[in-house]
Protein chains: 2
Amino acid sequence: MKLPGKTVERLSEYRRTLLECLNEKRNFIFSHDLAARLHITAVQVRRDLMLIGYSSVLRKGYDVRELIDTIGKIIDSDSSMNVAVIGIGNLGRAVAGYFKGKRSKLNLVASFDNDPQKINKVISGVKCYPYNDIERMIKELDIRIAILTVPPDFARELTEEVVRYGIKGIMNFTTTPLNVPSGVYLEEYDMITSIEKVAYFVKENKI
Amino acid sequence: MKLPGKTVERLSEYRRTLLECLNEKRNFIFSHDLAARLHITAVQVRRDLMLIGYSSVLRKGYDVRELIDTIGKIIDSDSSMNVAVIGIGNLGRAVAGYFKGKRSKLNLVASFDNDPQKINKVISGVKCYPYNDIERMIKELDIRIAILTVPPDFARELTEEVVRYGIKGIMNFTTTPLNVPSGVYLEEYDMITSIEKVAYFVKENKI
DNA sequence: GGCCCAATGTTAATAAAATAACAATGCTCA
DNA sequence: TGAGCATTGTTATTTTATTAACATTGGGCC
Ligand SMILES: NC(=O)c1ccc[n+]([C@@H]2O[C@H](COP(=O)([O-])OP(=O)(O)OC[C@H]3O[C@@H](n4cnc5c(N)ncnc54)[C@H](O)[C@@H]3O)[C@@H](O)[C@H]2O)c1
Ligand SMILES: NC(=O)c1ccc[n+]([C@@H]2O[C@H](COP(=O)([O-])OP(=O)(O)OC[C@H]3O[C@@H](n4cnc5c(N)ncnc54)[C@H](O)[C@@H]3O)[C@@H](O)[C@H]2O)c1
């Protein structure tokens, strides 16, 4: 099934919201309710769910637990997938601490750094390995996804290496735009872009 | 001028890339070169620049310095705009350290927290004020934008408050989707969504 | 039991974004 | 100096994403 990237993003958001519903002991939710929580329209929700072939049986809204499972079947892999953070500095630690244990099928299994102070310690709940061992560890731990939080100047070179060693997906939080061969999926995010966007729309509103 | 959000994002990215060019002592750049660095097409670049009414005089590509200024005139406000981080924990510290001083027209002037350990200390280059003083400080320091990095459970309530106190733009890094009145611009980002997206496309590629 | 109605799934229409096409410009170099 | 050519700015087309429209479903309620 070939799902649009935007739909995949929203599926992740639906699940996050649905998990909150479970916390609140809510077992059913209407499309318009789910939509409202995410600032989108009910049609958008229904359309996305149509794309993944989900339909509710009851007319009391979607079965929260069932929908969580269905989304999982689509966006999660069957077996779990292992993830590592490269560069366990400020951002790396924040991401590791936040991400660790949040998704059952995505295991944060290691971090890598070249700072001797950090190596072989457990930081934000993950063991930090020396970057020099990364080739071996990627294979040993079957790491498929790398979250890149090293200083910008090293990003390109490290990426080339880890791709050679078998990494198939990269989440790049570095300022440096990367190039990856086809077959490797790359997602990039720069906070400053988002913040500048906010500033722009604030300015446009007021001047 | 009403610019599409996507264009605004890209303008920010263009500027970031152009600033790197300056570092490399590159004074001119072709549209296709700029495009390649950001994994987009040259047409996209030219189209965006058309929208902001920029044209190069020379045919040696765009004048890097000039384009940086032009983009600034569009996306920056005339005078600078003040920003604060609310919740100076792991992520707050990372963002503060990263963002501080990066853009001339966006000043990170304060952080707020309710942890006595943090209050009145300088953390990641910014002074941390008690959250209780936020109403006064927003006015005193003329803070317009808040970067929200508090625990998810407090996000909604704090947002309501700071909006009441005059905040006009919110960058929400919390897992909690927020609601803001019209006139306030909200941007939300959840890392897990991005990482799950990577995982999805990695899975789709290989299975 | 059957009418009503809220909510869904789906197709059709609209809007937004990206890409392609191409004429115009003016630099380069024979 | 002028033909060739790389690069630009802009309009047209295509693709993608969102929204609207609507028939259908089946539970609630009298
Ligand atoms: N802090 C943020 O909020 C933020 C936001 C967006 C982007 N970024 C980007 O993320 C990156 C990291 O930011 P940070 O604030 O965490 O910086 P940081 O300096 O705190 O962390 C960088 C880490 O990478 C390690 N490192 C350096 N070279 C390495 C190498 N060759 N191999 C392995 N590890 C290496 C360092 O030892 C350090 O632990 C930077 O590129 C920054 O631009 C940060
Ligand atoms: N760490 C990440 O990479 C990451 C990524 C995405 C989202 N988030 C979200 O960002 C938020 C912060 O994450 P974190 O890892 O920095 O957590 P954290 O616990 O390290 O930081 C939270 C900070 O907020 C402060 N705080 C708590 N209640 C407050 C209140 N009422 N008023 C003012 N300050 C208050 C705490 O004292 C603490 O300093 C969470 O909502 C988390 O879900 C974090």
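Each chain gets a letter, A, B and so on, in the order the sequences are listed, and its residues count up from 1. What's counted below: heavy atoms across the whole structure, side chains too, no hydrogens, waters or symmetry copies.
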Do A:Tyr185 and B:Glu204 pair up side chain to side chain, a donor and an acceptor below 3.5 Å, judged on atom types alone?
no
Starting at CD1 of A:Ile29 and ending at C1' of C:dA6, how long is that distance when rounded to a whole Å?
16 Å
Of B:Arg16, B:Arg10, B:Arg15, which is the lone residue that meets salt bridge (charged side-chain N to carboxylate O under 4.0 Å, His left out) with A:Asp190?
B:Arg16
Verify the neighbour count for atom CZ of A:Arg65: are there more than 12 heavy atoms of other residues, nucleotides or ligands below 6.0 Å?
no
Between A:Ser56 and C:dT8, is there a side-chain N or O to OP1/OP2 distance below 4.0 Å?
no
Can you tell me how the ring of A:Tyr189 sits relative to the ring of B:Tyr189, calling it parallel under 30°, perpendicular over 60° and tilted otherwise?
parallel
Got a salt bridge between B:Glu24 and B:Arg37, using NZ or NE/NH1/NH2 to carboxylate O under 4.0 Å?
yes
NZ/NE/NH1/NH2 to OD/OE distance under 4.0 Å, B:Arg156 and B:Glu160
no
Between CG of A:Leu49 and P of C:dT8 the distance, given in whole Å, is 9 Å
Whole angstroms only, please: what is the OH-P distance between A:Tyr54 and C:dG9?
8 Å
Looking at every strand, decide which applies to B:Tyr62 at a 4.0 Å heavy-atom threshold: base, sugar-phosphate, or nothing.
sugar-phosphate
Quick one, which residues of residues 177-186 of chain B touch DNA chain D with a heavy atom under 4.0 Å?
none
In whole angstrom, what separates B:Arg46's CZ from C:dT25's P?
16 Å
Basic-acidic side-chain contact under 4.0 Å: A:Lys203, B:Asp78:
no
To the nearest 0.5 Å, what is the distance between OH (B:Tyr165) and CD (B:Glu161)?
4.5 Å
In this structure, which one of B:Thr70, B:Asp48, B:Thr7 forms a side-chain hydrogen bond (donor to acceptor under 3.5 Å, both in side chains) with B:Tyr14?
B:Asp48
Rounded off to whole Å, could you give me the CG-to-C1' distance for the A:Leu34 and C:dA7 pair?
14 Å
Could you run through nucleotides 14-20 of chain C and give me one letter per nucleotide, 5' to 3': B if any protein heavy atom sits under 4.0 Å from the base, S if only the sugar-phosphate is that close, - if neither?
---SSBB
Nucleotide interval of DNA chain D bounded by contacts with chain B (heavy-atom cut-off, under 4.0 Å):
D:dT7 to D:dA12
At under 4.0 Å, does any side-chain N or O of B:Lys60 touch on OP1 or OP2 of C:dT28?
yes
Answer yes or no: is there a side-chain heavy-atom contact under 4.5 Å between A:Asn205 and B:Val184?
no
Step through the shown structure and confirm whether more than 12 heavy atoms of other residues, nucleotides or ligands are within 6.0 Å of NZ on B:Lys139.
yes
